[in-house]
Asks: 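Quick one: the structure is below, questions incoming.
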2 protein chains.
Amino acid sequence: MSLATNFQPLYKQVYDVLRSRLVQGHWKASEALPSEYALAEELGVSQGTVRKALNQMVAENMLERRQGKGTYVAEHTQESSLFRFFRFRESEGEDIIPDTKVLSSSKRAASIEEQEHLALQAGDMVVEIKRLRYLKSEPTIIENIIQPLTIFPDIDKESVIPNSLYGLYQEKYGITIVQVRDELHAVGLPDEYAEQLGLAAGTPVICVERASINIEGRVVEWSKAFCSTEKFVYFSNLK
Amino acid sequence: MSLATNFQPLYKQVYDVLRSRLVQGHWKASEALPSEYALAEELGVSQGTVRKALNQMVAENMLERRQGKGTYVAEHTQESSLFRFFRFRESEGEDIIPDTKVLSSSKRAASIEEQEHLALQAGDMVVEIKRLRYLKSEPTIIENIIQPLTIFPDIDKESVIPNSLYGLYQEKYGITIVQVRDELHAVGLPDEYAEQLGLAAGTPVICVERASINIEGRVVEWSKAFCSTEKFVYFSNLK
DNA sequence: CAGTGGTCTAGACCACCTT
DNA sequence: AGGTGGTCTAGACCACTGC
């Protein structure tokens, strides 16, 4: 009998099983998975095959391996996830931890544009958070973040909004961001943000539209930010 | 006897040997390497160990594998390398092949700034190419490219400058670009470029400073570009 | 058909961490 | 000492390519 077009390598099937367990929350953040041998026995394959599946998941930032200890769910902490996706720094410089001040937070129906970017239905509700980020005490970035209530139920009732939202997504909703897509324009700074960034209206700034994507490949957050590049640059490293 | 801090996994040693052969031009662009078994026998390791080294090189874009045929030196063609590093496209759009018009080309001593970015000595010569790139027939990007003559001897004597410089680097100089680092600012368009881009001086544009890095990790080209984002965006996909 | 890369296995040993 | 991931090997078989 031919497997025809349905052929999938064993390690890919193992990958799919393990990924779906991850998505369904079988293992909590920073918890160790069973050992390679335990998984191999359970799934009826060899340890090397499990290893290949795990290595691919590590490469895709879903898992972390620690020699001598075990394989862990990738953790979104200040140092890791914030730095992995935060793109502003001094020219040729080190990573910088941004400070954050929340300006407003509100719940409303998604706009047409938001429906498109987040694959929502008309009438679906979103939470909009505006915040100001400081780099080395300089107000540098105005962020406007859209979160669908269908994906993050009751997120509008969160009392504290942490500096790293991705950590919150993972801890409270079991959603791990593994990819972001940015689109950049240069624009004149809108009047409404001039005072907050301490710049004249019309000053050239970079506008970053960001789609944040979870393990399943779904866009779960959409944001738009105006960024001063007087003292800092947007950094991109392509391989 | 302890190997102490000198310990290197076998596959890493194989990787180093093969990479240095690549750098030294043992194999030409688009030429097949010996088979895994042939390399394994020659180097005195198992086929699986060679395989692991080759897979890492593939992951780092030095090689390409074609099932049933062989392992090849990665090729910098229009479709591949141009698209891999070219970051401008329409919002949510497809890749676009840019057209290019060379505005000027000249040879001179490197400026202090260029010496720093390219790790050159005072007095080292560089070639400077200015060109205008069109996306869908719209003049969109003014590029200023610096090439060290120490790295690309006699490049100033090239009669034709191709659309994809990386292809030229590989073909004529055996230099393969595997990574680029971009730093982006928003600036007002300088007067001198206003006419060429068909925009008013002072219009917000993105300034991209790019370092292009070869297999050995050396910066071999440095460029600065002013990019209109009226119709196109700078796109970045982080994983 | 032969030759290549791709998958899978089983077993050995090493390096690292914890107890 | 025992458990984990990391490396290495040898051999088998599959899938794709080209003669």
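Proteins come first, then strands; the chains are lettered A, B, ... in the order of their sequence lines, and each starts at number 1.
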Asks: Write down the distance between CZ (B:R65) and C1' (D:dC16), rounded to a whole number of angstrom.
Replies: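 For the pair B:R65 CZ and D:dC16 C1', the rounded distance is 14 Å.
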
Asks: Taking OP1 and OP2 of D:dT7, is either one under 4.0 Å from a side-chain nitrogen or oxygen of B:T49?
Replies: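 So the side-chain polar atoms of B:T49 never come under 4.0 Å of the phosphate oxygens OP1 or OP2 of D:dT7.
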
Asks: Looking only at atom types and distance, does a side-chain atom of B:R19 sit under 3.5 Å from a main-chain N or O of B:I215, one as donor and one as acceptor?
Replies: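 Present.
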
Asks: When you measure from the side chain of B:P9, which nucleotide among C:dT4, C:dT7, D:dT7 comes out closest?
Replies: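 Of all the options, the side chain of B:P9 is nearest to D:dT7.
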
Asks: Send over the distance from B:Q8 CD to C:dA15 P, rounded to a whole Å.
Replies: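 Distance, rounded to whole Å: 13 Å.
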
Asks: Would you mind reporting whether B:I151 and B:Y169 have side-chain heavy atoms less than 4.5 Å apart?
Replies: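 They are not in side-chain contact.
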
Asks: Which whole-number value in Å describes the distance from A:Q67 CD to C:dC13 C1'?
Replies: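 Nearest whole value for this atom pair: 13 Å.
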
Asks: By nearest atom, which of the nucleotides D:dG5, C:dT9, D:dT9 is closest to the B:L10 side chain?
Replies: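 Comparing D:dG5, C:dT9, D:dT9 against the side chain of B:L10, the answer is D:dT9.
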
Asks: Counting only side-chain N and O atoms of A:T71, is one of them less than 4.0 Å from OP1 or OP2 of D:dG5?
Replies: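 Checking A:T71 against D:dG5: at least one side-chain N or O falls below 4.0 Å of OP1 or OP2.
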
Asks: May I ask you to evaluate whether B:R66 reaches the phosphate of D:dC16, defined as a side-chain N or O under 4.0 Å from OP1 or OP2?
Replies: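 No, outside the criterion.
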
Asks: Rounded to the nearest angstrom, tell me the gap between atom NZ in B:K52 and atom P in D:dG6.
Replies: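 Rounding to the nearest Å, NZ of B:K52 and P of D:dG6 are 8 Å apart.
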
Asks: Counting just side-chain N and O atoms, does B:K69 come under 4.0 Å of either OP1 or OP2 of C:dG5?
Replies: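 Answer no for this pair, as no side-chain N or O of B:K69 is under 4.0 Å from OP1 or OP2.
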
Asks: Without decimals, in angstroms, what is the distance between B:L43 CG and D:dC8 P?
Replies: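 Computing the B:L43:CG to D:dC8:P distance gives 13 Å.
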
Asks: Would you indicate whether the side-chain heavy atoms of B:R87 and B:R210 approach each other to under 4.5 Å?
Replies: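 Sidechains of B:R87 and B:R210: in contact.
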
Asks: Please say which of B:Q170, B:E75, B:H76 ends up in a side-chain hydrogen bond (donor to acceptor under 3.5 Å, both in side chains) with B:T176.
Replies: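 The residue from B:Q170, B:E75, B:H76 that satisfies side-chain hydrogen bond (donor to acceptor under 3.5 Å, both in side chains) with B:T176 turns out to be B:Q170.
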
Asks: Any side-chain N or O of A:R51 less than 4.0 Å from the OP1 or OP2 oxygen of D:dG6?
Replies: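 For D:dG6, OP1/OP2 do have a side-chain N/O of A:R51 under 4.0 Å.
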
Asks: Quick one: on DNA chain D, does A:Y37 or B:G68 contact a more 5' nucleotide (nearest heavy atom)?
Replies: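 Checking each residue's closest nucleotide, the 5'-ward one belongs to A:Y37.
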
Asks: Could you tell me the separation between the CG atom of B:L33 and the C1' atom of C:dG3, rounded to a whole number of Å?
Replies: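 Result: 16 Å.
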
Asks: Nearest to the side chain of A:V45, which nucleotide is it out of D:dA10, C:dT9, C:dT7?
Replies: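 Nearest nucleotide to the side chain: C:dT9.
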
Asks: Expressed in angstrom and rounded to an integer, what is the separation of A:Y72 atom OH from D:dT4 atom P?
Replies: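 Value for this atom pair: 11 Å.
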
Asks: Going through the checks in order, is the side chain to side chain contact (heavy atoms under 4.5 Å, CB included) test met by B:R65 and B:N55?
Replies: CA-CA 9 Å; B:R65 319 198 75 166; B:N55 280 340; 2.7 Å; yes

Asks: Nearest to the A:E36 side chain among D:dG6, C:dT9, D:dC8, which nucleotide is it?
Replies: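 The nucleotide sitting nearest to the side chain is D:dG6.
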
Asks: Specify the separation, in whole Å, of atom NZ of B:K12 and atom P of D:dC8.
Replies: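 Rounding to the nearest Å, NZ of B:K12 and P of D:dC8 are 12 Å apart.
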
